[in-house]
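In what follows, chains carry the letters A, B, and so on, assigned in the order in which the sequence lines appear, proteins first and then strands, with residues in each chain numbered from 1. Keep in mind it's a predicted model, so treat the numbers as computed, not measured.
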Amino acid sequence: MEQLSQLVSDDGCHISRRVFSDQAVYDLEQNQIFSRNWLFLCHRDQVSKPGDYFCTFMGETPVIVACGEDGAVHVSINSCSHRGLPVCRHDQGNTKFFVCPYHGWTYTVDGTLAQVPQRRALEKLPDFTELGLVAVPRVAEYEGLLFACLDPEAPSLDDYLGDMKFYLEVFLQRFPGGIELIGPPHKWLLHSNWKLPVENQLGDAGHAPFLHGALIGGVQGVKEVEDYGLTTVTSPGHGAAVRYMPESSSDEQRAWGLEGVMETNPLLQEYLLDVQRQLAERLSPRHARVKPLTLGVYPNLSIICSNATLRVAHPRAPGKVELWSWWVAPREAPEEVRIGLRKQYSFFFGPGGTLEQEDSDAWMQQFVGSRIEVLRDHPYYYGLGSGEERRHPDLPGDVGSCYNEHYARGFYQRWRADLRHGESL
Amino acid sequence: MREAFTSAGVLISGMARVSKAVNSAAGAVSPPEPEPLSRSDLERFFYREARLLDERRYMEWLEVLDQAIRYVLLNRFVPAAQRQSGDEDASTAHAIAHETVGIGGRDNPLRDENHLQLLLRADRAKKSISWSDNPPPFTRRFVTNIEWLGSEHSADGNLHSVRSNLLLYYHRHGRRDAYTGQREDQLLAVGDSLRIRRREVLLDWDVITGPSVGLFF
């Protein structure tokens with residue numbers, strides 16, 4: 001692999017096609033991106049009782065997230081210490097033990113080795129304390145979302161999220177009873193590079209009126225994005241695309257969700273308006289003016305607020321990514337409201353979503369373009385709005401217009417710095 | 001009466017006859033049992049439906065849907081084996097029902113749509129700027145294993161429960177994909193024709209590998 005500076009220019013305006021297609025780049029990402037950063041696992045609800053477990057991935061590393069007998073969350077690598085098989089073969093559930101199918105080595109849900117059946121005919125036993133499942137050293141929770149990090153030296157999750165928390169609060173604390181993630185998650189394999197959906201959901205408002213023109217062309221929401229839309233970057237790699245509504249705007253104009261409600265259901269509309277009316281007092285007047293579109297937490301967590309879904313992009317190969325998405329529901333909303341809101345997710349996003357169909361097509365086709373060998377020296381242009389981002393009187397981070405691509409420049413600059421570990425941005 | 005051609009159908013209509021006998025013994029007056037649909041009626045209906053979709057005649061396909069249709073794609077995952085209480089020989093441990101999630105307000109089906117949403121999908125597909133359908137995929141649908149499960153009276157006509165398997169071949173951008181699944185339909189008999197009142201699709205994937213499940217199954 002050539003110099004990293006040839007993959008991403010210093011100003012982030014030029015990104016090599018090989019960033020998305022090169023096997024050596026992909027292999028380096030596993031160690032430098034997915035082994036060093038905080039990664040989203042699941043919601044605390046999914047492992048709330050002792051014995052509850054949820055299987056997921058940190059990059060390509062399979063992990064078990066489990067609630068131990070002590071009530072704490074433990075994250076272990078799903079591979080037997082004896083011969084390496086996964087000891088848990090189900091997506092989620094509740095159990096006392098994980099048993100390796102091969103030789104019956106048995107672990108408690110927190111990863112402690114509890115039983116080696118071969119001991120019956122042996123004189124000496126190995127040291128069980130050294131043979132538990134390998135534990136992921138850092139686990140932390142933010143607003144019910146569980147994260148873990150394979151690097152013991154990483155900063156705290158709190159510092160890692162930093163000012164991004166302002167934008168996360170706007171959505172995660174929006175509803176009086178909080179949110180819940182409804183699963184099991186939808187899972188689908190996309191023939192593309194993992195960074196392409198991630199980059200899109202950091203703030204790519206520029207594609208919407210065009211790629212999605214057949215569905216949303218000419219609708220009021222597009223104009224609202226051009227009038228009030230902003231891209232914000234609190235620290236490179238994270239991103240939030242929001243509409244910041246004028247101080248004079250009404251609750252109807254500010255209310256999250258109303259623009260996407262597909263049925264004229266008075267109960268649903270009243271619920272969303274009521275949530276909005278309380279927001280300035282419950283959170284702050286600034287929070288109440290933010291109408292979020294998409295939020296991205298580096299490296300691979302995305303929240304599509306406008307469509308009530310949270311997703312994680314698990315890399316599988318340079319040209320393969322597995323997307324997992326949950327429907328994000330207000331915890332205390334009545335049944336009828338919940339079912340009405342769910343359409344905003346599954347009709348548009350997820351493996352059966354209409355907008356997702358168009359996005360998936362674009363991301364697959366971009367991967368095809370990224371593999372054209374004779375264009376290896378023709379990088380993509382990410383320079384739209386370069387240098388136009390500014391500080392904002394009310395909002396944290398660097399703030400650009402809705403079509404400024406600084407969210408992507410920041411992402412790839414941080415990505416490059418991670419690959420070249422230790423180099424400051 | 002035409003012959004019901006599946007054992008499940010025979011079983012269910014047999015049970016219905018028993019319950020009718022009990023009702024008449026109690027003096028209740030029940031309407032006559034709806035006639036089962038014949039294999040050829042159902043094949044004619046499903047084959048035409050498949051052909052309309054493969055020929056991309058989506059607006060005509062909408063006409064075989066009842067206005068009150070509920071169209072559901074279930075999500076499927078890999079649960080731990082779990083036997084129901086009282087099941088001593090563990091025969092329910094791997095019941096498919098454990099792998100699917102429902103459609104209530106705390107569930108997350110892949111899709112749960114009504115006529116409006118299906119109309120929006122059909123309408124979009126024919127637009128030149130609908131980039132996921134222009135150029136359109138080549139598809140071929142195969143409907144097999146048709147089972148008539150039973151029927152009931154409803155205010156709008158007789159409602160028939162019918163199960164079928166679907167194999168959908170899909171080709172686009174040089175890729176080939178195959179979707180397989182089971183459909184459980186409620187078909188409303190209106191005069192000589194049938195309308196789909198409800199369709200519940202169970203696809204054979206936990207991680208979906210086809211390019212989209214936003215298709216018409």
What are the two closest non-hydrogen atoms of [X] and [Y], and how far apart are they?
X: A:Y53; Y: B:A80; value: OH-CB, 3.6 Å
X: A:G352; Y: B:R111; value: O-CD, 4.0 Å
X: A:Y345; Y: B:N108; value: CE2-OD1, 3.6 Å
X: A:S346; Y: B:L110; value: CB-O, 3.4 Å
X: A:D91; Y: B:F77; value: OD2-CB, 3.4 Å
X: A:E335; Y: B:G105; value: OE2-N, 2.8 Å

Which of [options] touches chain B most, by non-hydrogen pairs under 4.5 Å:
options: A:E356, A:M364, A:E322; answer: A:E322
options: A:H212, A:K187, A:R338; answer: A:R338
options: A:T354, A:T95, A:D359; answer: A:T354

Charged N to carboxylate O below 4.0 Å: is that the case for B:D112 and A:R342?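 Judged by the 4.0 Å cut-off on N to carboxylate O distance, B:D112 and A:R342 do form a salt bridge.
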
Roughly how far apart are [X] [atom1] and [Y] [atom2], rounded to 0.5 Å?
X: A:W327; Y: B:N75; atom1: CH2; atom2: CG; value: 13.0 Å
X: B:W205; Y: A:L189; atom1: CH2; atom2: CG; value: 10.5 Å
X: A:L215; Y: B:L120; atom1: CG; atom2: CG; value: 7.0 Å

For [X], is it the side chain, the backbone, both, or neither that has a heavy atom closer than 4.5 Å to a heavy atom of chain B?
X: A:D361; result: side chain
X: A:F210; result: backbone
X: A:L190; result: neither

Within a 6.0 Å radius of atom [atom1] on [X], are there more than 12 heavy atoms belonging to other residues, nucleotides or ligands?
X: B:R51; atom1: CZ; result: yes
X: B:H94; atom1: NE2; result: no
X: B:R175; atom1: CZ; result: yes
X: A:R371; atom1: CZ; result: no
X: A:E336; atom1: CD; result: no

Side chain, backbone, both or neither: which part of B:V101 has an atom under 4.5 Å from a heavy atom of chain A?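 For B:V101, the side chain is the part near chain A, not the backbone.
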
B:R76 versus chain A, the contacting section by heavy-atom distance below 4.5 Å: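 Neither the backbone nor the side chain of B:R76 comes within 4.5 Å of chain A.
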
Can you confirm whether A:R89 sits close enough to B:V78 that some side-chain heavy atom of one is under 4.5 Å from a side-chain heavy atom of the other?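 They are not in contact (no side-chain heavy atoms under 4.5 Å apart), so the answer is no.
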
A:Q357 pairs by side-chain contact (heavy atoms from CB on, under 4.5 Å) with which of B:S212, B:S130, B:P211?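 Among the candidates, only B:S212 passes.
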
Among B:L73, B:T209, B:D107, which has the most heavy-atom pairs under 4.5 Å with chain A?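 Top count of heavy-atom pairs under 4.5 Å with chain A: B:D107.
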
So which residue, B:E113, B:R106, B:K127, ends up with the most heavy-atom pairs under 4.5 Å with chain A?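 Maximum pair count with chain A is reached by B:R106.
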
Side-chain (A:E358) to main-chain (B:S132) donor-acceptor, under 3.5 angstrom: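 No.
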
With a strict 4.5 Å heavy-atom criterion, list every residue of residues 177-186 of chain A that contacts chain B, or say none.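 Residues in range: A:E180, A:I182, A:G183, A:P184, A:P185, A:H186.
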
